[in-house]
Amino acid sequence: MKGLFITFEGNEGSGKSTQVPLLVEKLREWGHTVKVFREPGGTPIGEEIRHTLKHSLSNAAMTSEAELLLMNASRAQLVREVIRPALARGEIIVCDRFYDSTTAYQGYGRQLDLLTVKHVIDLAVGDTRPDLTLFLKVPQAVSEERLRSRQSTMPFLRDRMEEADRAFFERVTKGYDAIAAEHPDRIKVIHAVGTIEEIQSAIWRVAAPLAATRVS
Ligand code: TMP
């Protein structure tokens with residue numbers, strides 16, 4: 001029995017880190033075996049790559065091309081080391097970001113050639129594709145405000161990705177809208193403003209029917 005692969009996507013401050021554990025908890029209550037990962041990262045090699053991409057003190061000169069390849073190096077490892085074996089065992093994978101982030105951030109945000117980006121993603125993931133993607137959409141102003149407040153509570157944790165300018169994040173947002181419009185069957189847009197419970201319910205309405213098709 002093939003498992004189920006669910007990914008979360010969204011701009012900074014879209015509430016993914018709150019909603020991912022809530023969905024995982026629900027799925028486990030239903031008796032499913034669930035593994036949860038984040039990208040970049042999720043494996044020992046991937047977590048080292050994540051550090052290089054985000055927090056390393058020597059990453060300021062990183063080119064967009066190096067960024068694209070490192071994101072996908074982490075992904076290639078995650079797919080082969082853990083995602084494929086878990087799906088083959090019939091488990092549910094929930095991943096905080098996957099390749100739509102690369103299209104949005106490196107493709108639309110950094111403005112790398114979209115076809116090249118697609119080829120790199122294809123190499124990294126092969127035929128391992130999400131069954132469902134939950135795109136948590138928040139207005140740009142909400143995203144910026146949440147990012148500012150997170151940075152003010154954790155000023156010691158520098159993040160190279162968050163140093164990009166407003167135009168970059170606006171392009172990322174436009175990119176997500178374009179990707180969601182291109183894949184309406186897989187990507188469900190969740191309007192992530194409202195209470196945590198309201199957003200959780202909206203997510204569950206989409207995820208539950210799919211989870212019900214998998215017997216754990
Ligand atoms: P986060 O775990 O806090 O969301 O941080 C991950 C950062 O990396 C975030 O700024 C989005 C970015 N990212 C990309 O630019 N491309 C990718 O393919 C992925 C997975 C993440």
Side-chain angles (χ1 to χ4, degrees), residues 5-21 24 36-43 45-56 59-60 62-79 82-83 93-114 116-125 128-130 133-138 140 142-144 146-176 178-179 187 192:
F5 185 15
I6 300 174
T7 60
F8 277 75
E9 293 286 351
N11 231 319
E12 335 294 304
S14 58
K16 288 184 291 89
S17 49
T18 304
Q19 293 297 333
V20 166
V24 170
V36 54
F37 300 107
R38 65 174 180 183
E39 275 211 325
T43 62
I45 290 170
E47 289 297 323
E48 286 190 11
I49 295 173
R50 180 183 178 90
H51 176 75
T52 303
L53 279 159
K54 283 166 68 92
H55 309 300
S56 157
N59 69 10
M62 187 180 295
T63 65
S64 300
E65 289 79 3
E67 184 179 288
L68 169 70
L69 293 167
L70 284 173
M71 293 289 179
N72 283 279
S74 168
R75 179 167 302 134
Q77 189 68 30
L78 182 69
V79 163
V82 288
I83 294 182
I93 298 282
V94 178
C95 201
D96 183 345
R97 299 191 179 282
F98 199 53
Y99 59 69
D100 297 312
S101 284
T102 299
T103 310
Y105 283 77
Q106 282 67 55
Y108 287 88
R110 301 286 191 219
Q111 298 179 298
L112 292 177
D113 175 64
L114 286 174
T116 305
V117 169
K118 181 183 176 305
H119 288 152
V120 174
I121 291 171
D122 287 347
L123 173 66
V125 305
T128 304
R129 309 275 164 170
T133 297
L134 298 152
F135 166 31
L136 271 49
K137 188 172 160 66
V138 290
Q140 194 73 26
V142 173
S143 166
E144 281 176 18
R146 287 183 183 165
L147 185 57
R148 259 197 305 276
S149 93
R150 191 167 74 202
Q151 284 167 340
S152 69
T153 53
M154 292 192 289
F156 44 87
L157 193 64
R158 177 187 156 268
D159 186 335
R160 189 186 59 84
M161 292 304 298
E162 294 176 0
E163 288 168 356
D165 60 15
R166 171 178 284 176
F168 171 83
F169 288 108
E170 283 171 358
R171 288 195 298 275
V172 170
T173 302
K174 285 207 182 85
Y176 269 129
I179 299 163
I187 304 180

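FYI, the numbering just counts along the sequence from 1. Note that ligands are numbered from 1 as they come in the structure, with each ligand's atoms numbered from 1 the same way.
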Nearest-option assignment for atom 3 (O) of ligand 1, heavy atoms, candidates Glu163, Lys54, Arg38: Lys54

Side chain, backbone, both or neither: which part of Arg50 comes within less than 4.0 Å of ligand 1 when only heavy atoms are counted? side chain

Within 45° of the ring axis of Tyr105 and under 6.0 Å from its six-membered ring centre, is that where the NZ or CZ of Arg171 lies? no

Quick check against the 3.5 Å criterion: does Arg158 have a side-chain atom that pairs as donor or acceptor with the backbone of Ser56? yes

Side chain of Ser143, backbone of Glu12: donor and acceptor closer than 3.5 Å? yes

For ligand 1, which atoms have a heavy atom of Met161 less than 4.0 angstrom away? 8 (O), 10 (O), 12 (C), 15 (O)

Looking only at distances, please establish whether an N/O atom of ligand 1 is found under 3.5 Å from an N/O atom of Thr102. yes

Report the part of Glu162 in contact with ligand 1, treating N, CA, C, O as backbone and CB onward as side chain, heavy atoms under 4.0 Å; options are side chain, backbone, both, neither. neither

So is Arg129 actually on top of Phe5's ring, under 6.0 Å and inside 45° of the axis? no

Given Arg75, Glu67, Glu39, Lys118, the one that forms side-chain hydrogen bond (donor to acceptor under 3.5 Å, both in side chains) with Thr102: Arg75

Among all the protein's non-hydrogen atoms, which is closest to atom 4 (O) of ligand 1, and how far away is it? Arg97 NE, 2.7 Å

Between Glu12 and ligand 1, is there a nitrogen or oxygen pair with a distance under 3.5 Å? yes

I'd like to check whether Arg75 has a polar contact with ligand 1, where a contact means an N/O of the residue lying under 3.5 Å from an N/O of the ligand. yes

The answer for which part of Met71 has a heavy atom under 4.0 Å from ligand 1 is side chain

Hey, which atoms in ligand 1 end up nearer than 4.0 Å to a heavy atom of Lys16? 4 (O)

Taking only residues two or more places apart in sequence, or in another chain, which ones meet Ser101 in a side-chain hydrogen bond (donor to acceptor under 3.5 Å, both in side chains)? Glu9, Arg97, Tyr176

Residue, atom name and distance, where the atom is the protein heavy atom closest to atom 16 (N) of ligand 1: Gln106 OE1, 2.8 Å

With distance as the sole test, does Thr116 use its side chain to make a donor-acceptor pair with the main-chain N or O of Leu112 at under 3.5 Å? no

Numbered atoms of ligand 1 (with element) below 4.0 Å of Glu39, judged on heavy atoms: 20 (C)

Verify, without hydrogens or angle tests, whether Asp165 (side chain) and Phe168 (backbone) share a donor-acceptor contact under 3.5 angstrom. yes

